[in-house]
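Structure first, commentary second.
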Amino acid sequence: MTNTKVTVLGLGAMGAALATALVRAGHPTTVWNRSPGKADALVALGATAATTARDAVLASEVVIACLFDAASVHEVLDPVADLLAGRALVNVTTTSPDQSREIAAWAAEHGVVHLDGGIMAVPHMIGQPGSSVLYSGSRTAFERYRPLLDLWGESAYFGEDAGVASLYDLALLAGMYVMFAGFLHGAAMVAGAGVSAAEFAERAAPWLSAMTGGFAGFAAVVDGGDYTVPGQQSLEFSDLGDMVAASAAQGISTEVVDVVQNLIRRQVEAGHGKEGFARIYESIKNPA
């Protein structure tokens, strides 16, 4: 499918990375950005710069939208909706699940084949091992353009509901941000003892990496719904009181660990202290 004509709307760091992969794979690629100048490097590689979004859409059968937010998608595409009819729109702009569904409904009203994508990579990872993109929406579009999509990373399809890829994307990012916050909290704890963040990172990275091996065990317990399965660390044993106190004694915020401690305490106070740590899932799924 190297002769598939593709347009990329939005040339921020991610949009430029997506377009670069397409050009290097031999796809005739048209690029457009609201502010001038960002297309120069891509043109040097062989892309064609369009001066208007209208010209950019007319140039290709597949239109990639990599814009700032859902509002930007409408600002750019609403004026050219009539031109999009019969074309495939792959929207990889970061949006909420409901926003993705709204854009899908808008696309359907205008006869546009729509596929929503959540990019699980930073720009320099595009086309490299470890990069993946999650898709939902039109199965036909996913299957037809799969060779093109695979240029960016491993492609995964989650069904016709356009909001699922976004939901999965944000759920994975939730795990990432909480982990990052935990690392930064730990770095702040040991800083008072003269330990640099770099030194702490050397020990934290292998430790946290090893701990991800526990995900499958937690998942089995959660899916099974039995938090009394033998071999689990109990909620009572998991109490973070000492961690909270040590953080406070270092004069740093306890906000990060307070969140987890509160989830634990809710389940203990409800009479589940002897059950496994995975039970905090119930505190999260069923907020007070």
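Being a predicted model, the structure only gives us computed values, none of them experimental.
Checking side-chain atoms of Arg203 against main-chain N and O of Glu199 turns up no donor-acceptor pair under 3.5 Å. Side-chain atoms of Gln261 come within 3.5 Å of backbone N or O of Leu240 as a donor-acceptor pair. A donor-acceptor pair under 3.5 Å is absent between the side-chain atoms of Thr7 and the main chain of Val63, judged by distance alone. Of the possible polar contacts, none joining the Asp116 side chain to the Gly137 backbone as a donor-acceptor pair under 3.5 Å is found.
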For this session: Would you check, one step at a time, whether the test side-chain contact (heavy atoms from CB on, under 4.5 Å) holds for Ile126 with Met14?
Result: CA-CA 8 Å; Ile126 295 299; Met14 184 58 77; 3.7 Å; yes
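Arg34 has a carboxylate O that lies under 4.0 Å from a charged side-chain N of Glu75, or vice versa, which qualifies the two as a salt bridge.
The environment of CD in Glu236 is crowded: more than 12 heavy-atom neighbours from other residues, nucleotides or ligands sit within 6.0 Å. Annotation: Tyr168, atom OH; neighbour count of heavy atoms from other residues, nucleotides and ligands within 6.0 Å does not exceed 12. Remark: Asp82 CG is packed, more than 12 non-hydrogen atoms of other residues, nucleotides or ligands lying under 6.0 Å away.
Two rings, from Trp106 and His74, have their centers less than 6.0 Å apart. Within the 6.0 Å centre-distance limit, the rings of Tyr135 and Phe142 are counted as a close aromatic pair. Outside the 6.0 Å centre-distance limit, the rings of Tyr227 and Tyr281 are not counted as a close aromatic pair.
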Distance-only donor-acceptor pairs under 3.5 Å for side chains of residues 210-219, two or more places apart:
| residue | atom | partner | partner atom | Å |
| --- | --- | --- | --- | --- |
| Thr212 | OG1 | Ser209 | O | 2.6 |

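Between Ser100 and Thr95, the side chains place a donor N or O and an acceptor N or O closer than 3.5 Å (distance only, hydrogens not considered).
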